[in-house]
Amino acid sequence: YVGSHMAKTLTELGDSVTVLDNLSTGHRDAVPERARLVVSDLSQRGFLHNFLEQNDFDAVMHFASCIDVAESVRDPGKYYQNNVTNTLKLLDAMIANNVRRFVFSSTAAVYGEPKYCPIDEGHPLQPINPYGYSKYMVEKILADFDRAYGLKYVTLRYFNAAGAAPDGSLGERHDPETHLIPLLLQVAAGKREYLEVFGLDYDTPDGTCIRDYVHVSDICSAHLGALDALLSDSPSATYNLGNGGGYSVLEVIAAVEDVSGRRLDIREAARRAGDPARLVADAARARRELSWSPRYPGIRQIVEHAWDWETRFKSASRPLAKQKAPVVSARPLANS
Ligand code: UFG
């Protein structure tokens, strides 16, 4: 999701972009026509070494993680394998080939149950699920790789990534979908019958959980800031990405009803395990050091862009046969 928007942003700026994706959850037709798509997998150590040796990359941005918190509790092995072990293989191959700039997609889940809100980067890191731990472990690895091998990195801790490209060309497509906004849009579009609100008894003004939704385009602009910092030899750093306000589940539902002009069938359900009542970012550091200034901080615009894509563009996505991104299918090497 975020990676496809980043590839779009970079190609529109004229940068040369190579997308490495095993297409387990990604979509071929989400790769911009001007980007090169290489279909392979971070588990393939030999491939990674050859790939980095044969190309001359200025930097690597890493979006290829498993992100479903509930699944990480059911199947932690998958999360540690992909999110930690495979990231380590990527980093090893980078160091071996002298590629030393890295932008890492981390998460608010590294903080666990917040001790205070808004959460700044100095907040204790106490993840409460394997997903959060997997990202936390990579953060630790990055710090060690900087000290030992001179890897320069920017870690971006996303709060709730949401929304679609303002030009309507690209959105959010998870399968299965678990995120609040796309689920609500599917209800509004008649593709899903109802939405269950997980808990109305939280200690918040309306009893539902509060989250800090951050527009995917704003996440991309933070990545550009991170890239600039790395290219100008700034030291490694870690930043929260959020708007610092936060909206409750009921407020998001109201925004979707408002934007779509439809009343949604909403049902009360039990709390979802591991959901903190409130997760709101203090992103002052990113604003200050990356000159980050989110363009779409309000929930209404986030929902408007996502609804636009859901209704006008999603069904009209380019059919696979017509997609033009060049595809290189890499076979695992014997020593991988
Ligand atoms: N929610 C519902 N019903 C649903 C789906 C979600 O009520 O059907 C609620 C959740 O309980 C939560 C809010 O809507 O309060 C947002 O839920 P999402 O699943 O959209 O997002 P999360 O806050 O659970 O997840 C986000 C990121 C994760 C990250 C996590 C950190 O997507 O990658 O924040 O806690 F790990």
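Remember, it's 1-based here, ligands and their atoms both numbered in the order they're listed. Values in this document were obtained by computation on a predicted structure and should not be read as measured data.
Remark: the Asp206 side chain and the Ser248 side chain contain an N/O donor-acceptor pair separated by less than 3.5 Å.
Protein residues with a heavy atom under 4.0 Å from ligand 1 are Ile67, Val69, Thr107, Ala109, Tyr131, Asn160, Thr178, His179, Leu180, Leu183, Leu195, Glu196, Val197, Phe198, Cys209, Arg211, Tyr213, Val249, Arg272, Asp275, Leu279.
Judged purely by atom type and a 3.5 angstrom limit, Glu177 uses its side chain to pair as donor or acceptor with the backbone of His179. Remark: side-chain polar atoms of Ser260 are paired, donor with acceptor, to backbone N or O of Val256 under 3.5 angstrom.
Applying the salt bridge (Lys or Arg N to Asp or Glu O under 4.0 Å) test to Asp175 and every residue at least two apart in sequence or in another chain returns nothing.
Taking the centre of each ring, Phe51 and Phe57 come in below the 6.0 Å mark. In this structure, the ring of Tyr153 has its center no less than 6.0 angstrom from the ring center of His62.
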